[in-house]
A.B. asks: 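One structure is given below, represented as structure tokens, and several questions about it will come after.
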2 protein chains.
Amino acid sequence: MEQSEVVEALGALAHHTRIEVFGLLVRAGPEGLAAGLVSDELDMSASTLSFHLKELKHAGLVSAERIGRSQVYRANYGAMSELLTFLTDDCCNGAPECAPLLRKASR
Amino acid sequence: MEQSEVVEALGALAHHTRIEVFGLLVRAGPEGLAAGLVSDELDMSASTLSFHLKELKHAGLVSAERIGRSQVYRANYGAMSELLTFLTDDCCNGAPECAPLLRKASR
DNA sequence: ATCATTGTTCGATAGTTATTGAACTATGGA
DNA sequence: TCCATAGTTCAATAACTATCGAACAATGAT
């Protein structure tokens, strides 16, 4: 993952609503959730949610698929994984003080 | 780390200049770097850098100490560690598909 | 005391992001 | 075909963010 993509992904997650949405989609698992279910769950207007989902999608953190009348959104686990890898390896230079899991693994 | 702090930290890192600055300070190690050395390295104006350092500091990702005429900035490894922990555990719900290091550890 | 160095703050400006409701598109059902 | 449902897009607005250079503080040297 390039730094520019990392910056986009970080920006996409750097918002209360969007980190909630992403977490919800992760918890929903591979089946994903229809946009309407997300907006019900988080109690927000369809158009605002649509805006935020577009941001997440543009950053590559979620994908969308039309199923019937619904747009089903899914978390893109791979993108999150690459983001965490970048933060750990490139940004933190592999420093174990930064990376809780590296510390855990070395115990 | 609270979600609101996580959002702040993500926002602080979600900028080309600031992720560079943070990486530079991580690589500089515990001694840190004077602001002037950072602006030399990244070739930017003092006032713009000062703005970005303030953002990082406000988000808790770096600390500053006056030493002589310099302000020495240091990466806050603990904050980064907490950020990665939040993303892995809370946001990703501990899903191994999200967390490269969890996968690595389980092999 | 005076001056140079090192950074920060301020005001102006430009650009970006978030929110709202109304209009619109696409799909499926009667 | 006509209607209801599910979402997206659009325009307007407000709020926030980034950049610049000039002015300002704080420190250290002469």
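In what follows, every chain begins at residue 1, and chains take the letters A, B, ... in the order their sequences are listed.
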A.B. asks: Output all residues satisfying side chain to side chain donor-acceptor pair (under 3.5 Å) with E8(A), sequence neighbours left out; order by chain, then residue number.
C.D. replies: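 Expected list: H58(A).
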A.B. asks: Is any side-chain nitrogen or oxygen of S70(A) closer than 4.0 Å to OP1 or OP2 of dT5(D)?
C.D. replies: no
A.B. asks: Can you tell me the distance, in whole Å, between the CD atom of Q71(B) and the P atom of dT5(C)?
C.D. replies: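 Atom-to-atom, Q71(B) to dT5(C), this comes out as 19 Å.
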A.B. asks: For Y73(A) and dA6(D), is the shortest distance between a side-chain N/O and OP1 or OP2 below 4.0 Å?
C.D. replies: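 Result: no.
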A.B. asks: Please report the distance, rounded to the nearest Å, between NZ in K57(B) and C1' in dG7(C).
C.D. replies: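 Roughly 12 Å, once rounded to whole Å.
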A.B. asks: So, S81(B) side chain and Y77(B) main chain: donor-acceptor pair closer than 3.5 Å or not?
C.D. replies: no
A.B. asks: Quick check on side-chain contact (heavy atoms from CB on, under 4.5 Å): which of L56(A), L33(A), L61(A), V72(A) does L25(A) satisfy it with?
C.D. replies: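 That would be L33(A).
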A.B. asks: Is there any protein nitrogen or oxygen under 3.5 Å from a nitrogen or oxygen in nucleotides 28-30 of chain D, and what are the pairs?
C.D. replies:
none

A.B. asks: Return each pair, listed once, that meets side-chain hydrogen bond (donor to acceptor under 3.5 Å, both in side chains) where at least one residue sits in residues 39-49 of chain B; pairs must be two or more places apart or across chains.
C.D. replies: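 For residues 39-49 of chain B, and leaving out neighbouring residues, the side-chain hydrogen bond (donor to acceptor under 3.5 Å, both in side chains) pairs sorted by first residue read S45(B)-T48(B).
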A.B. asks: At their closest point, which heavy atom of A79(B) faces which heavy atom of M1(B), and how far apart are they?
C.D. replies: O-CE, 4.0 Å
A.B. asks: Over how many whole Å does the gap from K54(B) atom NZ to dT6(C) atom C1' extend?
C.D. replies: 17 Å
A.B. asks: Whole angstrom is fine here: how far is it from CG in L49(B) over to P in dT19(D)?
C.D. replies: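 Result: 11 Å.
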A.B. asks: With a 4.5 Å cut-off on side-chain heavy atoms, are E5(B) and F86(B) touching?
C.D. replies: no
A.B. asks: How does protein contact run along nucleotides 12-23 of chain C, one letter per nucleotide 5' to 3', with B for base contact, S for sugar-phosphate only, - for none, heavy atoms under 4.0 Å?
C.D. replies: ------BBBBB-
A.B. asks: Looking only at atom types and distance, does a side-chain atom of N76(B) sit under 3.5 Å from a main-chain N or O of G60(B), one as donor and one as acceptor?
C.D. replies: yes
A.B. asks: With side chains defined as the heavy atoms from C-beta onward, is the minimum distance between L13(A) and V6(B) less than 4.5 Å?
C.D. replies: no
A.B. asks: Touch check for S50(B), heavy atoms < 4.0 angstrom, all strands: base, sugar-phosphate only, or nothing?
C.D. replies: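 Base, at least one base heavy atom under 4.0 Å.
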A.B. asks: Testing the basics here: between I19(A) and L87(B), what is the closest heavy-atom pair and its distance to 0.1 Å?
C.D. replies: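 Answer, listing the atom of I19(A) first, then L87(B): CD1-CD2, 4.5 Å.
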A.B. asks: How many Å lie between CD on E65(A) and P on dT27(C), as a whole number?
C.D. replies: 13 Å
A.B. asks: Taking salt bridge (charged side-chain N to carboxylate O under 4.0 Å, His left out) as the test, write out the residues that go with E2(A), two or more places apart.
C.D. replies: none
A.B. asks: What parts of residues 21-41 of chain B reach DNA chain D, counting only heavy atoms under 4.0 Å away?
C.D. replies: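 Per residue number, the list is empty: none.
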A.B. asks: Roughly how far apart are R18(A) CZ and E55(A) CD, rounded to 0.5 Å?
C.D. replies: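 These two atoms lie 5.0 Å from each other.
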